[in-house]
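Here is the structure we will look at, set down as structure tokens.
Because only heavy atoms are used, hydrogens play no part in the values below, and waters and symmetry mates are left out as well, while side chains stay in. In what follows, chains are A, B, ... by sequence order, proteins preceding strands, each numbered from 1.
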Amino acid sequence: MRTVAETTIPELPLGERGGPAQPLISARGLIKHFPVKGSGFLQPKKVVRAVDGVDFDILKGETLGVVGESGCGKSTTARLLMQLIIPDQGDILFDGETVGGALPLAQYRRQVQMVFQDSYASLNPRLTIEESIAFAPRVHGVPQAKAIARAHDLLHRVGLEPVRFAGRYPHELSGGQRQRVNIARALALEPRLVILDEAVSALDKSVEAQVLNLLLDLKRDFGLTYLFISHDLNVVRFMCDRVMVMYLGKVAEVGTREAIYENTKHPYSAALLASMPKMDPAERTEEPPLSGDPPNPIDPPSGCRFHTRCSMAEGVCSATPPPLAVVSSEQRAACLMSVPGSGHSHAPKPAAELMEA
Amino acid sequence: MAAITADIVPAPIAVPRSPGFWSGVLHRLCRDPVALAALAVLIVIVAIAILAPYIAPYDPTKGSVIRRLKPIGTEGYFLGTDELGRDMLSRLIYGARLSLIMGVVPVPIAFVIGSIIGIVAGYAGGLTNTLIMRTVDVFYAFPSVLLAVALSGALGSGLTNALVSLTVVFIPQIARVAESVTTQIRSLDYVDAARASGAPAFTIIRVHVLGNVLGPIFVFATSLISVSMILASGLSFLGLGVRPPDAEWGLMLNTLRTAIYNNPAVAALPGVMIFVTSICFNLFSDGLRQAMDVKS
Amino acid sequence: MNEEQTVIDIRDLSVTFHRGRKPVKAVNGVSLSVEAGEVVALLGESGSGKSVTMRSLLRLHPKGTDVTGSMTVSGRDVMGLSTRELGQLRGATVSMVFQEPRLALDPVYTIGQQIEETIMRHEKVSRQAASERALALFQKVRIPSPERRLKNYPHEMSGGMLQRSMIAMALACNPKVLLADEPTTALDATVQIQILLLIRELQKEYGLSVIFVTHDIGVAAEVADRIAVMYAGRIVEEGRVGDIIRDPKHPYTKGLLGARVELAHGRDRLVTIPGSPPDLAAMPPGCAFAPRCGQASDICLRDVPPLKPIGETGNIACIQYA
């Protein structure tokens, strides 16, 4: 196997700056509201609260999974991180430096790349595979011959023989092969963070397994950090070190994989997990864990946004928005049942009351 | 396997390239008999126009009062004569020259200008888009015939002015198509991927947008050639385009209208030519559109 | 097996499309029967021919498609039906639920109008009676505030509600057979399980025979009585759902079940099936899975293995079990 070092392009330096303990990326209070088209004429302007106050860290070398239903804001979060859309409020810190502040956008973009769900729409149909992969290095001033050589190297690395594939066009490839090309393209700038937005969701299961293995290998070989967005909780469990559950533009729960999957503190995470099909026809699901569709993010419910569908909801839930409370060193949950003295009957007693008793 | 090549520095290897997009288009076009037939007819018409002095039997402007309005099939005047006794065949052959110029010239000019306007508006989006496209819409709001007539009327009659006014008529139409195609392409993931790689807007437009929008705009523009011919005929018919005694199909239709009761077959001939030519352009552009669909 | 109870009987179905340069054999000798009140899942990856097989039952293929073999649905020969009879079959005896309800519904009519139209097209009833039945159907598929929802246009409904409406419409004329083409693939997992439970419940209540096309083994395990696994236009294994999931026999089925991420705990890599499915326009002469199969022999590369019975209820097309 060729090693990375041989093909490292000096024009594209990698920079470790903040040290291993510094999170690779920190999102602080991200807010993005989209205006609803056609509203605002003779009536108050409506907005889709796609991302409504989201904080999280991605640690160096980890894979953070993001799960949630459609409309929960996971794809918007990815595009905000990618700076494809500009947040209304909030900051992104990359290795300790504010993006767009201490860290110029151009330098940031070299270090963060993205793989999209639709493998076909993410490749220019008029460019050959090698041209698509070589495009970004060319933009950053790598000479043509070198960029093409690197493209071939990356193709080889993602399991596509350059001799057979480099000169082909996207429509001549299968979905799995195209997604390998997209991964190669994302790696062409030697990024440190790769955002995978439902990157394997459109693939057949047997192909999905191959691509997941490839992603694991690449992560190890290139020292990558992943943000892995998926609706498939099984895949997230396999791929991720930590998991963030989102609901209607807010973080519902975040924690290590073990904490979320085996000891969830949020009724929504529990419902999501229970919704996965059982692989045992003898023990089929009898009652749907949640009823109805996720509410519209244009007009989210008051208080805890999940209270309209939550089986544990009490009066206090519709009044008080829950903070993202620390449950343990490895888990935080936005549920009043985890907030001492919140007024929910399942909430732990506040320390002061315990002292009195 | 990979292990064998481990310490070989990767040199750019000769990679067999798949046939490109345009060779695929050509391949598919070659299997479309209708488009090919239309193209063949167009080639014949163009050839006739170019070779007019060599194949026209008579001078198209020389008439004779004694042989006015001879019917089709008259000895020596195969397609009859017009109201001034000029040979219809010769006039139709020479008329192809001006008619084709009037039909074809405005379109590529409008294609270039309209595409630039539309692509800039589509890629920029937001306020820039709104400003450009609303301005375009002002022109678009007038029916194209009315706009062409008004512009020609304001500029004065004559070939050049007619060409200018036709070009102006087509620019908003092409700009609108260019804008909508660009807006569509711009929302695709590969443009986002290019933006995420830090490429400047101009590079993205050059590499990722142009190649994918020019095709559809081009097809739309080809379909405008027939419209242009008909509009040009209209202008000439109203006396705003080519001036007599030059031969142009629209103008011929105009002057022959007095003979429509005496000799309808001859009077209809220029109309037939306009019809055949414009429908061939339409069929060809339709075939081209289908051939450019990669999935077919 | 009781012959009288067989509602759907497909014998040696082959479907060939002529669109590109080479003819594409999407379905290649499929035989399948579904009994009354039985749910059969057609499981396969894209290009396996599962959807094409199902659509053949309503003769929904474009003109110029070669369809050979025989198909009967509740005793009627589908291949021999006239256009008129086919129209009666579609929607009345056999109805279908699609992956994208948004594309299957007409955007300019309300859902209520569309259900009423469906009823009135097949039965001589007044609009009043039809609209009462539409309301009852909406209650049946448990759409909240059904009166109001019937007056909604498709774009005013969420994906899950639309799929419920599609199911209501599919049941409008009391069909015997429901064809479901990946009806939950585009939905969130939380909504998917609701729809699966609804289909299961209505199927029992109406005694429907269901063909459920899916690429997701988990979904098949939730709804199906039997699973038929398709690969490259052929059924490679077929049997009761428990048998297929607990004890898969065919190397492809084994591979599919083995590649599941749920099994990978504590392992750092997934077990995968190498390679990719064959090009349907250039099929290998022997078993289509042989090029990817770890146990393939020379015979596998030469002869297509027939689908043979195994055990009491299963069938398998693999030389190892011949």
Closest heavy-atom contact between C:G242 and A:P281?
CA-CG, 3.7 Å
With chain C, which of A:D217, A:N296, A:L272 has the greatest number of heavy-atom pairs at distances under 4.5 Å?
A:D217
Heavy-atom contact with chain A under 4.5 Å, split by part of C:L257:
side chain
With a 4.5 angstrom heavy-atom cut-off, could you sort out which part of A:R309 is near chain C: side chain, backbone, both or neither?
side chain
Please confirm whether the backbone N or O of C:L197 pairs with a side-chain atom of A:R284, one donor and one acceptor, at under 3.5 Å?
no
Do the side-chain N and O atoms of C:Q192 and A:S275 include a donor-acceptor pair separated by under 3.5 angstrom?
no
Under 3.5 Å, side chain of C:Q194 to main-chain N/O of A:L290, donor-acceptor pair present?
yes
Does any non-hydrogen side-chain atom of C:L196 lie less than 4.5 Å from one of A:P288?
no
To the nearest 0.5 angstrom, please state how far the CG atom of A:L216 sits from the CZ atom of C:R269.
7.5 Å
Say whether C:E45 and A:S206, considering side chains only, have a donor N or O and an acceptor N or O under 3.5 Å apart.
yes
Atom NZ of A:K278 with >12 non-hydrogen neighbours under 6.0 angstrom
yes
Flag, side chain of C:D188 to backbone of A:E69, donor-acceptor distance under 3.5 Å:
no
Interchain contact, A:S174 with chain C, by part (heavy-atom threshold 4.5 Å)
neither
Who are the side chain to side chain donor-acceptor pair (under 3.5 Å) partners of A:E262, not counting sequence neighbours?
A:R237
Looking at chain A, which one of C:G44, C:A224, C:P144, C:G255 has the largest number of heavy-atom pairs inside 4.5 Å, strictly under?
C:A224
Determine all donor-acceptor pairs shorter than 3.5 Å in which one atom belongs to a side chain in residues 270-281 of chain C; sequence neighbours excluded.
from	atom 1	to	atom 2	distance (Å)
C:D279	OD1	C:A281	N	3.0

Do A:E286 and C:R200 come within less than 4.5 Å of each other through their side chains, counting heavy atoms only?
yes
Counterpart residues, side chain to side chain donor-acceptor pair (under 3.5 Å), relative to C:Q203 (two or more places apart):
none
Side chains of C:T190 and A:P289, heavy atoms from C-beta outward: is any pair under 4.5 Å?
no
Taking A:D293 for its side chain and C:G160 for its backbone only, find out whether a donor-acceptor pair lies under 3.5 Å.
yes
Is there any residue in residues 240-249 of chain A with a non-hydrogen atom under 4.5 Å from a non-hydrogen atom of chain C, and which ones are they?
none
Side-chain heavy atoms of A:M276 within contact of C:I193, under 4.5 Å
no
Does this structure show an ion pair linking C:R246 with A:D280, if we count only N-O contacts that are shorter than 4.0 Å?
yes
Closest-packed option against chain A by number of heavy-atom pairs under 4.5 Å, given C:L256, C:T185, C:V223, C:D225:
C:V223
